[in-house]
Amino acid sequence: MTENTQQGPHNHHEPSTAAPADLPTQYAPAEVESELYERWVARGYFEADAKSDKPPYTIVIPPPNVTGSLHLGHAFQHTLMDALTRRKRMQGHEALWLPGMDHAGIATQNKVEQQLAEEGKSRQDLGRAEFTERVWQWKEDYGGRILGQMRRLGDGVDWTRERFTMDEGLSRAVQTVFKRMHDEELIYQAERIINWCPRCLTAISDIEVDYQDDEGELVSIRYGEGEHSVVVATTRAETMLGDTAVAVHPDDERYAHLIGQRIKLPLTDRDIPVVPDVHVNPEFGTGAVKVTPAHDPNDFAIGQRHQLPTLTVLDERGVITAHGPYEGLDRFEARSAIVAALREQGRIVAEKRPYTHSVGHCSRCSTTIEPRLSLQWWVSVGPLARAAGDAVRDGRVEIHPADLSSRYFEWVDNMHDWCISRQLWWGHRIPVWYGPEGEVVCLGPDEQPPTGEGWHQDTDVLDTWFSSGLWPFSTLGWPEETADLRRFYPTDVLVTGYDIIFFWVARMMMFGLYAMDGTPPFRSIALTGLVRDAHGKKMSKSFGNVVDPLDWMEAYGSDALRFTLASGANPGTDVPIGEDWVKASRNFANKIWNATRYALMNGATVRGPLPEPAEMTAEDRWILSRLGAVVTEVDGYYDDFQFARLSDALYHFAWDEVFDWYVELTKTTFQRGGRAAEVSQRVLGEVLDVLLRLLHPIVPFVTESLWTTLTGRESVVVADWPVDSGFRDEPAEQEVAVLQQVITEVRRFRADQGLQPGQRVPGRLALTGTPLAAHEEAIRSLLRLEPAGEDFTATAALPVAGVTVELDLSGAIDVDAERKRLTKDLGLAEKELRQTGAKLENAGFLAKAPEDVVDKIRARRVAAQEDITRIQEQLERLPRG
RNA sequence: GGGCGCAUAGCUCAGCGGUAGAGCGCUGCCCUUACAAGGCAGAUGUCACUGGUUCGAUCCCAGUUGCGCCCACCA
């Protein structure tokens, strides 16, 4: 903790012990949330102290793009990360949740270029320096938007440690890693076929290419003449201008006579060789393939095997550069023009036919990718990827849920070298300088560039994921040996989507292991699914089902959104969300609000020691017993990132057990007053105190408002996380279970009889000698039973679990309704009797089933028999209709 | 082409060898002095299909069908 939370001006008690009556009857989130958040920040609750002696707990945020705004996916992951850090902070850890943003090279550059285009300008018009200046300005203007949204969500991040992938410290980290890897030849320059986006005008890596099935046309073209001819098939006819061979399978007898021969390439004055290559599939098409080494990765490989020349015929914008009639045509125009010309020459042997094939598109702008031969920088991933795989394989890093680790392995075990250079202007410039004599110098962060004529820096920048990959340690000060780095690295858990395993997770693993001497960047990886709409459909602009989380937060409160997201968070699975569900969560928050308000009005308190169990009623002991169990249950779920289950457990415990049953059962105790009331008031205070603390990480705002009011203390943010008291009371739990059963049964009877819920009915309770004797008053109150008068004649008797309840309905009983209900129940009980009987007569079952299961079946049979007897008695007692 | 996952109430999803669960929705009654954003009671399922293992299968195994996702150098 920082000085803010220690003794000091901020430590005074807020005037938070408002009289309960002052609390409005409905929770109004919008009014309190932002105020509470700013108070937390001002008090420094979220600031981590590297010098503290508490055990550290660290999460670095997946840095959102500066260009972006908060979408539901962020809100979802942030809710989980916030809950994890808030809980650990309450558990006494030095919890650091480190925020920041990613410069998002290509995405941001595109955005600013779009803006320029609206002004009729291009980045070239501005020049590199002015353009990057403009991007920085843009970042200043819009980049902080998402940070404001994070505050709205309640993200308890340490704002004093906010980082940006392009800030100075992170740039030093980038340069340091680059130089070290360059010197160790893990980074190298090579000319290869890369994925080129003719619109973004840059290379992109394999995973930045989205493949879609596109309708293309497969045309078959005859190369050469007569005996010396061969038919090839292609979907990219325009690349034929760059063909430097035709390849056939070496064993393909159809073409044996051509191997080693040269044939005429149509539309050109060139002859190209026919080469044998085992990678040609004789079954596909004609079994002969045109080879364009400069414009196709496979062809490039064939070219290398046969020392074929590479002939570039398309420029960076996808325009034909080959001399001749097609020069200057766009690749798609050239395609039609060339097919037309070939047809005219009678070289199209089979008419072109529709052909669906997978075509790569730029993931940033959807432009069709053009494979292109060019000189780029690469990371040699072999040893790094192996280490990244091993760290998970040997258990140093755990992936949750475990079955998604196969996706991780699939990637790291088959990784190709990573193209890291981008022909962009926005990003970390490659720290390599070229001299006039062909010198190549890679510089570290403190080294001065060479001076003198003819020296120039590489013009490319690094893939944005290069700096993201350093995030877990660069944000903590690396390469400096900072206190933060020593204290908070490695981080405890990475919370991110399974869709980003390749882009980010694997790369952080590689870089972390490499730069931090084999220490993986996190202990656990908690993978989340994607947020989808209420029908499980992907949210996308084209569907029109995208929701701005701010809208829902404004309407229902941040807590409601957070609780909804947490409730849907089953590890690694997608989360559907709809407005109705957020409403339901808002209702839950309101329920918490009102239940606490009621409790305060009835004297619930946290003051003084908890009374001895001997002084408590059964319901007091029951709810405390359940409370302890819930604490342990919730802790278990946190350990496995089971947010849906812990939310569900808390929801039902709070609403069903505490708010419905316990609160209702204690009403008569409170009315009666006395010592019993004091005991229950203290118990209710205890239950709410613990419950609000348990709920706080998920719904921080409403719990803060209520907890400070309830306890008069500073803030639940810095309260202790509840510990299971260990108190359990099995008899009390059973007693309350019977009580619930009796009450429910009578209520059902009343409902069936059409009695108004408020209508008082003379009733007689035979409770003496049963465990429920002490509950008579509560039962009478809940069931609206009046004392029976002189002329009481029972017309209905409901024996449940040994308790008999008789009601005098003054002859007004609806016999038909009651007979119908009883007959139905009788049928069910008889069925149960048959089924359990069959089981217990089954020798195999008795021999092999575990004892507790057999006992359970026996108990069920006994219960069924009792039910039958009881129901039959009741049926007999009914007046004839 | 390779790999993975899913099929459970009207909808969205939990569960998982031993009496089918939740939320929302639905039906009926109720503005009961905490809450109508609420209370009480209730209805609703060949747990995709076919076989197998088992005393017992929604759950395990095999196959079928239908969806979804990931990977791949589909000329």
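Quick note on labels: first sequence line is chain A, next is B, and so on, each numbered from 1. Since the model is a prediction, treat every value here as computed from it, not as a measurement. The figures that follow rest on heavy atoms only: side chains count, while hydrogens, waters and symmetry mates do not.
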Taking atom types as they are modelled, is there a donor-acceptor pair under 3.5 Å from the base of [N] to the side chain of [X]?
{"X": "A/T25", "N": "B/rC35", "answer": "no"}
{"X": "A/Q26", "N": "B/rA34", "answer": "no"}
{"X": "A/R586", "N": "B/rA37", "answer": "yes"}

Counting any heavy atom closer than 4.0 Å, what does [X] reach on the DNA or RNA strands: base, sugar-phosphate only, or nothing?
{"X": "A/H279", "answer": "nothing"}
{"X": "A/S567", "answer": "nothing"}
{"X": "A/A288", "answer": "base"}

query = Does A/K538 have a side-chain nitrogen or oxygen under 4.0 Å from the phosphate oxygens OP1 or OP2 of B/rC69?
reply = no
request  = Indicate whether OP1 or OP2 belonging to B/rA34 is found under 4.0 Å from a side-chain N or O atom of A/T596.
outcome  =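 Looking at the OP1 and OP2 atoms of B/rA34, neither is under 4.0 Å from any side-chain N or O of A/T596.
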message = Using modelled atom types and a 3.5 Å cut-off, is there a donor and acceptor pairing between side-chain atoms of A/R860 and backbone atoms of A/E832?
response =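 Not a single qualifying donor-acceptor pair exists.
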ask   = Between A/T573 (side chain) and A/A569 (backbone), is there a donor-acceptor pair under 3.5 Å?
value = no
query = A/Y598 ring centre to A/K667 NZ or CZ under 6.0 Å, with the angle to the axis within 45°?
reply = yes
inquiry  = Show the nearest heavy-atom pair for residues A/C419 and A/S205, with the distance to one decimal.
reply    = O-CB, 4.1 Å
query = Taking atom P of B/rG42 as reference, at what distance in whole Å does atom CG of A/D752 sit?
reply = 8 Å
